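Treat the numbers as computed from the prediction; the structure is a model and nothing was measured.
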Amino acid sequence: MSEPYVLGTELVITGLGPVATFAVGRGELAEAPRIGARAGTGPDAALDDGQGLWPRPLEDFDPARWLGRKGWRFLPPAAHYALVAARLADEDAGVRPGQELTGVVMGTNFAADETVDRFDRATLSEGVRGISPLEAPNFSINVAASQVSIDRGYRAFNITLIDLFTAGSAALWTACQAIDEGRASAALAGATEGRPPRAATTDLAPVLDEGAACVVRIERASDARERAARPYATVAAGAQLFVPKTLLSEPDRSDALVHPLLDRLASALPSGPRAIDICRPPASARAEATAASVLRWAAAQAACAVVGGEHGGRAAAQSSASAPLRLARLLTDTDAPGALLQATVGPHGHLVVLALHTTP
């Protein structure tokens, strides 16, 4: 268990960089369906459980529109999404590249799977000659994050986190802690996903979700004020927790573990949370049990609404970009809830919670 960590430095989110089927850039995201609104009818509407935001394959996505014609063609698709998302986040924040004391933290699960699969098939059929030297480095899972640092000229730190569904939220919180500890003055943080392997289509993750990224810029509030940047939110605190599988059928014990953590995070928001966004994958009994504990806590609060309705939200089964995209969409609302908790629950019991004040 990670004890709730209240930040000693005032940190703000100043830039949003979404890349998904429903929005590329903050402007399109603000026009996307609100969380809790059904996105049309038909099979896709059934898939999104009425939550409105569901990453699907990006078709006709041309990175050249944002990246130019050179420097990215031999990179995997997840790196394309990350590079565009990073540029969009910095542009939204009014920041130019080259600020060396900026870090990058990226969550992912399948950024390299499509490349590794192609290398495997090429090696079996053609031997090593089937692999292009220009593509050879792309087997590494940290290619997307590394390319963002190279493209933006950021040298403070570069971290890739891997964890089903929660990696994007964990990346946001890791970036906040690193800045608070003086390891950087700012960070780009979020998630990017490529195509998962076919073997991933199990009962736990029945849908092949791909083609999504969301990067946000987090920085010291003092730096944002110096350049008159308007923040979307202030990050107050956060925590991570693994809920043991043994508590799956013992709600009282699960509550005894989860509720004190949420109480301490809520206390970091002076007036308490006005809303809580609960995000978890579909078809996961363990995630549902943990989410149920969070929902019981929310029901006991005097004035804490659950975003998307009383059952919270389910999102793309494998995409670590789902929770950052949901958070970014909430931050673009003109009637954002003010004090907010976002609880992201993974299929293996990982819970990541962020406490934020949204800017009116």
Is a side-chain donor-acceptor pair under 3.5 Å present for Trp297 with Asp263?
yes
Ion pair Arg26/Glu31, N-O distance below 4.0 Å
no
Please report the interatomic distance CG(Leu101) to CD(Glu219), rounded to the nearest 0.5 Å.
12.5 Å
Partner residues of Ala191 under the side-chain contact (heavy atoms from CB on, under 4.5 Å) criterion, sequence neighbours left out
Ser320, Ala321
Under the 3.5 angstrom rule, does the side chain of Asn109 hit a backbone N or O of Asp163 as a donor-acceptor pair?
yes
Would Leu247 end up clustered with Ile278 when hydrophobic side chains under 4.5 Å apart are linked, directly or stepwise?
yes
Tell me yes or no: between the side chains of Arg264 and Ser267, is some donor less than 3.5 Å from an acceptor?
no
Pairing of Arg96 and Asp90 as salt bridge, 4.0 angstrom limit:
no
Check the pair Leu330 / Val307 against side-chain contact (heavy atoms from CB on, under 4.5 Å), numbers first and verdict last.
CA-CA 9 Å; Leu330 284 169; Val307 174; 3.9 Å; yes
In terms of ring plane angle, is the pair Tyr81 and Phe61 parallel, tilted or perpendicular, where the classes change at 30° and 60°?
perpendicular
Could you tell me whether Asp92 and Arg217 make a salt bridge, using a distance below 4.0 angstrom between a side-chain N and a carboxylate O?
no
Quick check: do Tyr232 and Thr14 have side-chain heavy atoms less than 4.5 Å from each other?
no
For Arg296, I'd like to know if atom CZ has over 12 heavy atoms of other residues, nucleotides or ligands within 6.0 Å.
yes
Taking only Lys NZ, Arg NE, NH1 and NH2, and the carboxylate oxygens of Asp or Glu, determine whether Arg65 and Asp62 approach each other closer than 4.0 Å.
no
Taking Ser293 for the side chain and Ala289 for the main chain, is one N or O donor matched with an acceptor at less than 3.5 Å?
no
Sidechain N-carboxylate O distance under 4.0 Å for Glu10, Arg225:
yes
Taking 4.0 angstrom as the limit, do Arg329 and Asp333 come out as a salt bridge?
yes
Cluster overlap Tyr5 with Leu340, hydrophobic side-chain contacts below 4.5 Å
yes
Taking salt bridge (charged side-chain N to carboxylate O under 4.0 Å, His left out) as the test, write out the residues that go with Glu91, two or more places apart.
none
Cluster question for you: counting only ILVMFWY and a side-chain heavy-atom cut-off of under 4.5 Å, with indirect links fine, are Trp72 and Val24 together?
yes
Do His350 and Thr166 pair up side chain to side chain, a donor and an acceptor below 3.5 Å, judged on atom types alone?
yes
